[in-house]
Amino acid sequence: MKIILNNNEETFDRDKMTISELLELSNFSYKLLIVKVNGKLIKKDAYKDTIVKDGDDVTVLHLVTGG
Amino acid sequence: MTFNEIKIKLKKYTVGIAGAGGLGSNCAVALARVGLGKLVIADFDVVNETNLNRQYFFRDQLGEKKVTALKKNIERINPDIQINAYDIKLNKNNLVHLFKDCDIIVEAFDLAEMKQMIIETCMTKFPDKPLIIGSGIAGWGKSNTIKCKKSENLYICGDEESETTDNNPPLAPRVGIVANMQANTVLEILLNKK
């Protein structure tokens, strides 16, 4: 399947996957993330139940301490 | 647009700033200098000596409430700006109340958990209000890794990786870049409004 991940087209060798699987495969290892799928905010407790499929537009942002 | 036209346009708008530390104090000063109409600023902290390496305060303000000291400093630069300063620790309930009339919200907290809190709150309560986050500001050098990413109404300024630690402190130059990038993003949004 092909998805848009942070504005880049990425191809994965499967039909669908959960947010948790996507974060692991794409090496997003930061503790605090903001994940949006097709513009909708996905909270952390829903990562393992939310499915990403072909054509989805996914944004992953890293939040780090400092201000 | 001439500077005069810019000032006339900016005069109509209100920006909320969540936190008056390194990001918030510098961003607020930049917006006041260019003629924004109104700022709503909230912070619970007092000025500490360790803040002077990056925050817009002076040595004779040590111990003063940050929001009070910042209001005074801004009024010395631009007495025409209206400032609502709140000495309060923001949470998901009071921030909705304080910032509901703002055209844009700038996130200027320290802790990543607080950044997440304001994003989740604003995306739920104010989906149409632009929210500008600072994430990844610590250390020095690596100017070219700092960027501004946009995802609908959410903007994120910083390198998204440089976390504050004992050996990688936040310092005036890099914090200033990100704070001014947040202010610059505010201008981009407001000056493009019809």
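Residue numbers begin at 1 in each chain, while the letters A, B, ... track the order of the sequences.
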Taking atom [atom1] of [X] as the centre, report whether more than 12 heavy atoms of other residues, nucleotides or ligands fall under 6.0 Å from it.
X: B/Asn192; atom1: CG; answer: yes
X: A/Lys53; atom1: NZ; answer: no
X: B/Lys12; atom1: NZ; answer: yes
X: B/Lys142; atom1: NZ; answer: yes
X: A/Asp15; atom1: CG; answer: no
X: B/Lys125; atom1: NZ; answer: no
X: B/Glu75; atom1: CD; answer: yes

Residue [X] versus chain A: region with a heavy atom under 4.5 Å:
X: B/Ser162; answer: backbone
X: B/Leu111; answer: both
X: B/Glu107; answer: neither

B/Ala112 backbone acceptor or donor facing A/Thr65 side chain under 3.5 Å: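 Checked: pair present.
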Closest-packed option against chain B by number of heavy-atom pairs under 4.5 Å, given A/Thr59, A/Asn7, A/Leu41, A/Asp57: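 Greatest number of close heavy-atom pairs with chain B: A/Leu41.
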Closest contact, heavy atoms only, A/Leu33 versus B/Gln116: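 Distance-wise, the nearest heavy atoms are O-NE2, 3.6 Å.
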Are side-chain heavy atoms of [X] and [Y] found at a separation under 4.5 Å?
X: A/Leu32; Y: B/Glu113; answer: yes
X: A/His62; Y: B/Glu161; answer: no
X: B/Leu154; Y: A/Ile34; answer: yes

Candidates A/Leu61, A/Val60, A/Leu63 - the one meeting side-chain contact (heavy atoms from CB on, under 4.5 Å) with B/Glu160: A/Leu61
